[in-house]
Amino acid sequence: MQQENSESAAVALPAAVRRYRDLPGPKGLPLLGNALQIDKTCIHEQFAAWSREYGPFFRARIGPRRLLVITDHAVIGSVLRDRPDRFRRPTNHGDIVREMGFEQGLFFANDEAWKRQRRMVMAAFDPGHVKAYFPTLLSVVQRLEGRWRKAAQAGTNIDLQADLMRYTVDAIAGLAFGSDVNTLESDEDVIQRHLNRIFPAISRRVLASLPYWRYFKLPADRALERSVGEVKRAIEGFIAQARQRMRDEPGLKSRPSNLLEAMIAAADEAGSGADDRDIAGNVFMMLVAGEDTTANTLAWMIDLLHRNPEALRRAREEVRRVAPDATRFTLEQMADLEYVEACINETMRLKPVAPLMPSQANRDTTIGDVEVPAHTFVVGVMRRDSLDERYFPDPEKFDPDRWLADTSRAPNAKSTTRVSMPFGAGPRLCPGRYLALLEMKMAMAMLLGSFSLERVGTHDGKPAREMFAFAMGPVGLRMRLGMEPLV
């Protein structure tokens, strides 16, 4: 969604008038810094609260790591677009992943490793390739419909996040690796159970002030090691199966049938510099990141639509006019779901699953009017300006019309993504954004076309709590569906 442009040039960096050490910020303790003041499961909310007290630039520290926290979207955008020159992914992120036993993959890689992998991954996620996998994704959507139809007929509550994660795991495994793991029709959840242990562990370790696991192992760390081993074996199997298919069918090199084959074909090109270790690292990131981010956005969207009946009515009417039958979805129908896409964009503004965008300064530099020492961690708080009246009138309201260019409430629709940046910005813009939007549109079209939302909420009726575990998702959302005939 976010287009690379010359906005970074528009955000001129003035001569520095402040030094990092002179910035305001919460007082911390020797050695630990602010670590004990932060609940890591809601660190994004803590940073937002501190920004209200200390302003759009403040400093903090977690153990030995020096942080510059920024809430100004224009400055955040300039930082994101200035990668990999002045800024990089925080090096400790890649170190944690490698320490677990995985190669970094494009998401965590820096420098030459990032450049080497970027072409391979971007080729795999090319919209043309994703379109070729549409029939596979359609079969996964139909499985989700079957699972939810059984729940609707039985009148049972659905654990919304768990089911949506089944959907995204099945989708990414089928689309990316040509493997039918089928967690939607099974209660085994082998891969999902292991993935659900790994992603939160990455988040905890990245934010830890002391890497205790290097010196002794808790039961949770030993369970994590077992999960890592299982996922690594699964990934090795995916790659071996794909290479065997490509040996048996040489035509797959020029016309790959899934994202993994596309990555292998790109990696095998002369001069690519990529190998199976790079492929394995990116398979891991597709599984982990592709599960949580898309599933969490869908869960938040269903909750927001249920709480906004007029938006729900309009989304349902569009689905039943454009794509009423989940067994006959087409790419053209998905492209025509403009209001549903607006609902997705509005969900990502209000409930960004990536509420923090971390970078690290490669060298002494200037950000805004602040002199920043080399190696400083720069954390963009993505939602502060998204909830600012200056950019979004009545900012707390769920209003998908903001994203429709032909409505009076969207005079600046073209610039809205420059404020919220749900997929990042610049050269490291999320390569899977087209696939993620397609997955979300298909799941929502199936839901709105086949069922009525009887109830969505937590067991106590309170708004779902936000929990940060590398991605931000809702806690405890459950859904009850009613049966409605297809139009």
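Since the structure is predicted, the reported quantities are computational estimates derived from the model, not experimental observations.
Put simply, the side chain of W300 reaches to within 4.5 Å of the side chain of M472, judged on heavy atoms. Annotation: side chain of L67 is not in contact with side chain of N34 (no heavy-atom distance under 4.5 Å). When side chains are defined from C-beta on, F57 counts as touching R18, because their heavy atoms get closer than 4.5 Å. Looking only at side-chain heavy atoms (C-beta outward), Q360 and V378 stay at 4.5 Å or farther from each other. By the 4.5 Å heavy-atom criterion applied to side chains, S51 and F58 are counted as neighbours. Put simply, the side chain of Y339 reaches to within 4.5 Å of the side chain of D401, judged on heavy atoms. A heavy-atom distance below 4.5 Å is not found between the side chains of T91 and R89. Annotation: side chain of L224 is in contact with side chain of M100 (closest heavy-atom distance under 4.5 Å).
Contacts classified as ring pair (Phe, Tyr, Trp, His ring centres under 6.0 Å) and involving residues 342-362 (residues at least two apart or in different chains) are not found. Pairs engaging residues 40-67 under the salt bridge (Lys or Arg N to Asp or Glu O under 4.0 Å) rule: none recorded [sequence neighbours left out].
No donor-acceptor pair under 3.5 Å is formed between the side chain of R118 and the backbone N or O of K115. Checking side-chain atoms of N362 against main-chain N and O of A374 turns up no donor-acceptor pair under 3.5 Å. Counting only distance, with no hydrogens or angles, the side chain of T458 and the backbone of K462 share a donor-acceptor pair below 3.5 Å. The closest donor-acceptor contact from the side chain of T168 to the backbone of M165 lies under 3.5 Å. R402 places a side-chain N or O within 3.5 Å of a backbone atom of P393 that can act as its donor or acceptor partner. Of the possible donor and acceptor atoms, one in the side chain of T376 sits under 3.5 Å from a partner among the backbone N and O of P373. The backbone N or O of V381 sits nowhere less than 3.5 Å from a side-chain atom of R384 that would complete a donor-acceptor pair. In this structure a side-chain-to-backbone donor-acceptor pair under 3.5 Å is present from E318 to E338.
Using cut-offs of 30° and 60° on the angle between ring planes, the pair F470 and F199 is tilted.
In this structure, H375 places its NE2 atom where only 12 or fewer heavy-atom neighbours from other residues, nucleotides or ligands lie under 6.0 Å away.
Ion pairing between E466 and R383 holds under the 4.0 Å rule for side-chain N and carboxylate O. The existence of a salt bridge linking D399 and R349 is excluded, since no basic side-chain nitrogen approaches an acidic carboxylate oxygen closer than 4.0 Å. With respect to the salt-bridge test (charged N to carboxylate O, under 4.0 angstrom), the residues D85 and R363 qualify.
Remark: R307 fails to qualify as a cation-pi partner of F398 under the 6.0 Å distance and 45° angle criteria applied to the six-membered ring.
Under the rule for a side-chain contact (heavy atoms from CB on, under 4.5 Å), the partners of D388 that lie at least two apart in sequence or sit in another chain are D385, R390, Y391.
For the atom pair T156 OG1 and R478 CZ, the distance stands at 9.0 Å (nearest 0.5 Å).
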Salt bridge (Lys or Arg N to Asp or Glu O under 4.0 Å) assessment of D364 paired with R86: CA-CA 9 Å; D364 291 351; R86 287 198 301 147; over 6 Å; no

